[in-house]
**Q** 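My questions all concern the structure below.
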Amino acid sequence: MAATSLSPVITSHTLNLLANQPQPKTNDSSPIATLKNCKNLVQLRKLHSQFTKQGLIHHPPTVTKLISTCTEMGTFDSLVYAKNILNQFRQDNQNGATLFMYNSLIRGYSSIALGNEAVWVYLELLSLGILPDKYTFPFLLSACTKVSASAEGFQVHGSIIKMGFQGDMFISNSLIHFYAECGEIVLARKVFDGMTDRNVVSWTTLICGYARCGFAKEAVELFFEMVEEGTRPNSVTMVCVISACAKLKDLELGERVCEYIGELGVKVNTLVVNSLVDMYMKCGAFDTAKRLFDECEEKNLVVCNTIMSNYVHAGMAREALAILDEMLRERVVPDRVTILSTISASAQLGNILQGKCCHGYVLRNGLEGWDNILNALIDMYMKCGKQEAACAIFDGMANKTVVSWNSLIAGYIRNGDVTSAWEVFNNMPESDLVSWNTIISALVQESMFKEAIELFRTMQNCGIKADRVTMVSVASACGYLGALDLAKWIHAYIKKNKIPCDIRLSTALVDMFARCGDTSSAMKIFNKMEKKDVSAWTAAIGAMAMEGNGNQAIEIFNKMLRQGVEPDGVVFVGLLTACSHGGLVEEGRDLFKSMKSVHKISPQIVHYGCMVDLLGRAGLMEEALDLIKSMPVEPNDIIWGSLLAACRMHRNVDMAEYAAERIKELASDRTGIQVLLSNIYASAGKWSDVAKVRLQLKEKGAQKVPGSSSIEINGETHEFTSGDESHPEMVHLAPMLDEMHRRVKAAGHVPDHSNVLLNVDEQEKEYLLSRHSEKLAMAFGLISTNRGMPIRVVKNLRICSDCHSFAKLVSKTYNREIIIRDNNRFHFFQRGVCSCKDYW
DNA sequence: CTAGGGTTAG
């Protein structure tokens, strides 16, 4: 297995072998030639003192070579050394330093990404009265680009114009690059448009800039424009365009571009192959990418890293590790990027042994100075459930980045410790979009929907722009709240802020509107979706299920099949639920059978649950029981619970007791079942049994989940709990409740006491019933909204039969549309009738 | 002298 393959092969041994390669020897003994073979600072120091003794230190060409040798080493120390040589030379020779020396130094600082130092050297050069040349600026701009020193870059651009260098093509190309990297694509374009001469680099730089600034489509268009205009692309151009196609995830376009380039006869080098592999993988064509990879004669490090990281990203950790094996077999030496992917793969598999092995490799090879590696290790330890190890790395980090904090937060949440996550979030020095997204999605997962929305608002006040990940969480929270006004606002917000809707976000919106009872908006979004995957279709089918529209659900399902989308188990849950809510027994049976016979999907326990529900609701109690007995797997408490619920509806006490017995055998702690059983006894008037179950519940310390309903008024969600007299609005609510009861009673309502659990006198029962949360919410809706406006209520439990018939009469006497979403489906009450046809 | 591939967290 891949799990054990890492340890024997990746050792410090391989890297040490490489480090001790012999230096090439030469017989040329001239000072400049000696410098050519000088590879490190120790050797250079020796030569420097040798030159000083020989008096060569006043010889400009030697000093120039000495400095450029240092700067090419590209380390901080070597640059400090170079600067000292230059300063010494300047003192000894009355400012005799040459421009070439300064250019060398600027280039060196640029190479180690010390842009500020480079700018400083440039200023010193000006102060000495030395005029820069056309070579100075590209180095300088590249330094500014690397450290995103935009202010300095703008000043350099000013300098360029002042000194009359703006006509130079190389400098203009550097400017395009600089502006594009700063995200100033408009300014980059302005430079490009102002050029009299352009070469392939100018075009390529601009194309790459567009792609980097998020305009991949424009980048590809620019490429076609370039070819039309007569500029021949080279392999670098090809890499840029292909990576733009990868960003678009547009395989067709990518292949068209390749064909086009092929016709032009552009040379395909390894770099192009690397970008091709990347594009195929990003477009999901893993097989094509792998074939291309296998055809590579020599597998270079980058193509291996590309394929590995893409596999890890796609959740294919095992495939990634197989590539690692192959690399090691072919003696490709892994680098830190390879290790990064390996750590991620280990994290994904939860393979702590391999993760620790990577950690050891990191320490042995001195890679722990690289933040990304440490961040990946934090993530890995967290995913393996080793919080302490993760924290130890975090605490030991000298340069914690936002990613370090975010990894810690995500780790805590994954391990169920939301409190610690929240604490870290509040104490981190600077939070970014990902931090907020992580916490918001955690709140949604913890069912804290109101809090999630609230945090989203706070986030906006902090000036952080939401993206589609944020909106998926927010839409989902809104769906659970069933707040339609909020839903509409969210939809408008996405449009206004031009947040790109991918499949996931669109699906979340369909689901949100469906849960808020706005089926037409849900379907409008669904129909506009360009690409639909199984989840998208499932959301649409779920929308129908919530309305109880079984036939429409089946129609959508058939359309999905016609479009060639493979169904999965989840779609069938939605479908069977829709059939159940719609009372489509025959269709439900057929679909259930077709799962295995047509679609080769073995029904899971949830599907049996749906079927028991479907048959039970229709009163086919014996058939439901037979189905349970025929199940290939042992029925669980949920299955028996479904049967129990049906027994309640049809007042079948005998079978209810049988089902409850089975649940007890399963030693289930599901107190919900016990509550349900006590409900059944209550509705059958068996008060002594109710008392017995209640006692059992009490011993377990369980409590009945309180009924709670919410209603959205002017964008604010108000929540009411059953029997809660302490609500601040109660003063206004009580008279309205009394009036409602009077008018509904006059219209013929007879309170249905079977839903009251406690064995109290009739009058008391009626009072408790009148304080059910959905009635409180309805009353609040009536006093807070204008005449004729629909009233939308969301309830956490199933609506009771008394409230159901009550709502029907309220809709009639007050001439209002009332929409109640319970934990199962929607009930549209209009003119005294409910959309569920009293079947739910 | 200018442009280009692989890099962690939601």
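Throughout, a chain's letter reflects where its sequence line sits, starting with A, and its residues are numbered from 1. The basis for the numbers below is simple: all heavy atoms, side chains too, and nothing from hydrogens, waters or symmetry mates.
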**Q** Can you check the A/Gln445 CD to B/dG10 C1' distance for me, whole Å?
**A**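 One finds 10 Å between C1' of B/dG10 and CD of A/Gln445, rounded.
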**Q** In terms of ring plane angle, is the pair A/Phe165 and A/Phe137 parallel, tilted or perpendicular, where the classes change at 30° and 60°?
**A** tilted
**Q** Going by atom types only, do A/Ser275 and A/Ser243 share a side-chain donor-acceptor pair under 3.5 Å?
**A**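 No, no side-chain donor-acceptor pair sits under 3.5 Å.
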**Q** Taking CG from A/Leu505 and P from B/dG10, how many angstroms apart are they, rounded to a whole number?
**A**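 A/Leu505 atom CG is separated from B/dG10 atom P by 19 Å.
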**Q** So which atom in A/Ser435 and which in A/Met428 form the shortest heavy-atom distance, rounded to 0.1 Å?
**A**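 Where A/Ser435 meets A/Met428 most closely, the heavy atoms are OG-CE, 3.7 Å.
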**Q** Under the ring-ring contact (aromatic ring centres under 6.0 Å, His included) test against A/Trp405, which residue among A/Tyr412, A/Phe425, A/Phe394 passes?
**A** A/Phe394
**Q** Please state whether the rings of A/Phe449 and A/Tyr480 are parallel, tilted or perpendicular, taking 30° and 60° as the class boundaries.
**A** parallel
**Q** Hey, does A/Asp432 reach any base, or is it just sugar-phosphate, or nothing, if we go heavy atoms under 4.0 Å?
**A**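 Base: the residue A/Asp432, judged by heavy atoms under 4.0 Å, touches a nucleobase.
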**Q** Please enumerate all residues that pass side-chain hydrogen bond (donor to acceptor under 3.5 Å, both in side chains) together with A/Asn310, with sequence neighbours excluded.
**A** A/Asp278
**Q** Which is it for A/Val266 and A/Val272 under the side chain to side chain contact (heavy atoms under 4.5 Å, CB included) test, yes or no, and what are the steps along the way?
**A** CA-CA 10 Å; A/Val266 177; A/Val272 176; over 6 Å; no
**Q** Give A/Trp405 one of three labels, base, sugar-phosphate or nothing, depending on what nucleic acid heavy atoms sit under 4.0 Å from its own.
**A** nothing
**Q** Round to the nearest Å and state the distance from A/Tyr412 atom OH to B/dG10 atom P.
**A** 16 Å
**Q** Rounded to whole angstroms, how far apart are CZ on A/Phe425 and C1' on B/dA9?
**A**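 Interatomic distance, CZ of A/Phe425 to C1' of B/dA9: 14 Å.
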**Q** Compare every heavy atom of A/Ser202 with every heavy atom of A/Ile176, then report the nearest pair and how far apart it is.
**A** CD1-O, 4.3 Å
**Q** If the cut-off is 4.0 Å, is A/Arg414 near the phosphate of B/dG10, judged by side-chain N/O to OP1 or OP2?
**A** yes
**Q** One character per nucleotide, please: for nucleotides 1-6 of chain B, 5' to 3', B when the base has a protein heavy atom closer than 4.0 Å, S when only the sugar-phosphate does, - otherwise.
**A** BBBBBB
**Q** Tell me, which of residues 463-472 of chain A have any heavy atom that sits under 4.0 Å from an atom in DNA chain B?
**A**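 Only A/Asp467, A/Val469 qualify.
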